[in-house]
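Quick caveat: nothing in here was measured; it's all calculated off a predicted structure. In what follows, every heavy atom counts, from backbone to side chain, and hydrogens, waters and symmetry copies are set aside. Atoms within each ligand, like the ligands themselves, are counted from 1 in listed order.
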Amino acid sequence: MKKVLALTLAAVMVLAFAACSAPAEKEVLTMGTNAAFPPYEMVDENNNIIGIDAEIAAAVAEKLDMELEIKDMAFDSLITAVSSGAIDVALAGMTVTEERKEAVNFSDSYATGIQVVIVTEDSAIASIDDLEGKKIGVQSGTTGDIYCSDTPENGGYGEDAVSRYDNGALAVQALLNGQVDCVVIDNEPAKAFVEANEGLKILDTEFAVEDYAAAIAKENTELLDKFNTALSELKAEGKIDEIVGKYIKAE
Ligand code: ARG
């Protein structure tokens, strides 16, 4: 009898232990982005957010044994969403800037971006020097916005020159409609927009070269460390190049 009891007890303990160590729900990694920025982030025909940032975040989440959840929001609310903890991380082709660094931490960089100018094919604008007195479309809160709306002394064109749109696609739409004379935006989305729409071209002159990185809340140094470790492993494994190569074809 004693033996049976002992065995039963042992069995119960084994079961209880199994229950405890059963794979718990994975911790969620919430990423915010603004999914109108191809090929870094865009919405596919099934309404899924795809693109370089989504895939890099998914690869990082897998390394951290976390489940990735992506939230689409306005670009200019991403920094606040990160610092308030509404999202864990922002991956949005986001440029590392000194000003943003005051509000959030940035991971190591995983890509380079260049600010370029999109004009209509018949435009009289041939270089950055021709932008004076022109209407410039930008995505609100982006570096293109920040440079262009700055004062002429600082290399900008002034507040009045700039029309702000919620995303790049809307800025390009405004250019097509003749509401603005050009759009200042990152080179890869610029290429995608020019490819997707007739009658547009990108000027040869570049505005600025920038680093893209993930933004994480200042307090969340644990996630920053884990993110950077995962990112450097992914770089070493060639995974980042593979993801980028899938969306950006070498010229
Ligand atoms: N690189 C620019 C910036 O950081 C634009 C990024 C826009 N990203 C987006 N997903 N809409 O300001």
Side-chain angles (χ1 to χ4, degrees), residues 30-44 47-58 68-83 86-118 136-150 154-157 162-175 180 182-194 196 202 206-216 243-244 247-248:
T30 314
M31 157 187 160
T33 196
N34 171 244
F37 198 72
Y40 288 94
E41 40 267 339
M42 58 268 191
V43 178
D44 73 5
N47 252 332
N48 291 317
I49 296 174
I50 58 163
I52 294 171
D53 286 335
E55 291 206 24
I56 290 177
L68 180 68
E69 199 180 290
I70 305 182
K71 285 188 184 164
D72 194 10
M73 53 184 77
F75 183 79
D76 58 8
S77 43
L78 285 169
I79 295 281
T80 316
V82 166
S83 55
I87 54 174
D88 299 317
V89 59
L91 270 88
M94 189 182 281
T95 304
V96 179
T97 70
E98 290 308 315
E99 201 193 331
R100 289 173 185 165
K101 270 192 195 164
E102 284 171 19
V104 295
N105 280 332
F106 280 102
S107 72
D108 296 331
S109 178
Y110 59 83
T112 306
I114 305 170
Q115 295 299 311
V116 297
V117 186
I118 311 179
I136 307 170
V138 297
Q139 329 167 68
S140 188
T142 61
T143 47
D145 178 4
I146 296 161
Y147 301 141
C148 293
S149 56
D150 209 339
N154 289 328
Y157 303 93
V162 168
S163 300
R164 299 188 167 92
Y165 298 90
D166 274 351
N167 60 55
L170 290 173
V172 168
Q173 203 51 54
L175 174 62
V180 295
C182 65
V183 169
V184 173
I185 194 167
D186 306 54
N187 59 327
E188 287 303 332
K191 282 192 221 162
F193 289 133
V194 167
I202 299 170
E206 293 167 355
F207 225 86
V209 180
E210 319 177 312
D211 288 323
Y212 291 169
I216 295 172
I243 293 170
V244 171
Y247 290 92
I248 302 176

Residues with a heavy atom under 4.0 Å from ligand 1, by chain and number, are Asn34, Phe37, Glu41, Phe75, Ala92, Gly93, Met94, Thr95, Arg100, Gln139, Thr142, Thr143, Asp186, Glu210, Tyr212
Using ring centroids (six-membered ring only for Trp), state whether Tyr40 and Tyr212 fall under 6.0 Å. yes
One should read off an interatomic distance between Thr97 OG1 and Ile146 CD1, to the nearest 0.5 angstrom, of 6.0 Å
d(Lys191 NZ, Ile248 CD1) to nearest 0.5 Å is 6.5 Å
Requested in this report: Report yes or no: does Thr30 contribute a side-chain atom to a donor-acceptor pair with the main-chain N or O of Asp88 at less than 3.5 Å?
Outcome: no
- Query: Which is it for Asp53 and Phe37 under the side-chain contact (heavy atoms from CB on, under 4.5 Å) test, yes or no, and what are the steps along the way?
  - Reply: CA-CA 10 Å; Asp53 286 335; Phe37 198 72; 5.5 Å; no
The side-chain hydrogen bond (donor to acceptor under 3.5 Å, both in side chains) partner of Ser140 among Asn167, Asp166, Asp76 is Asp76
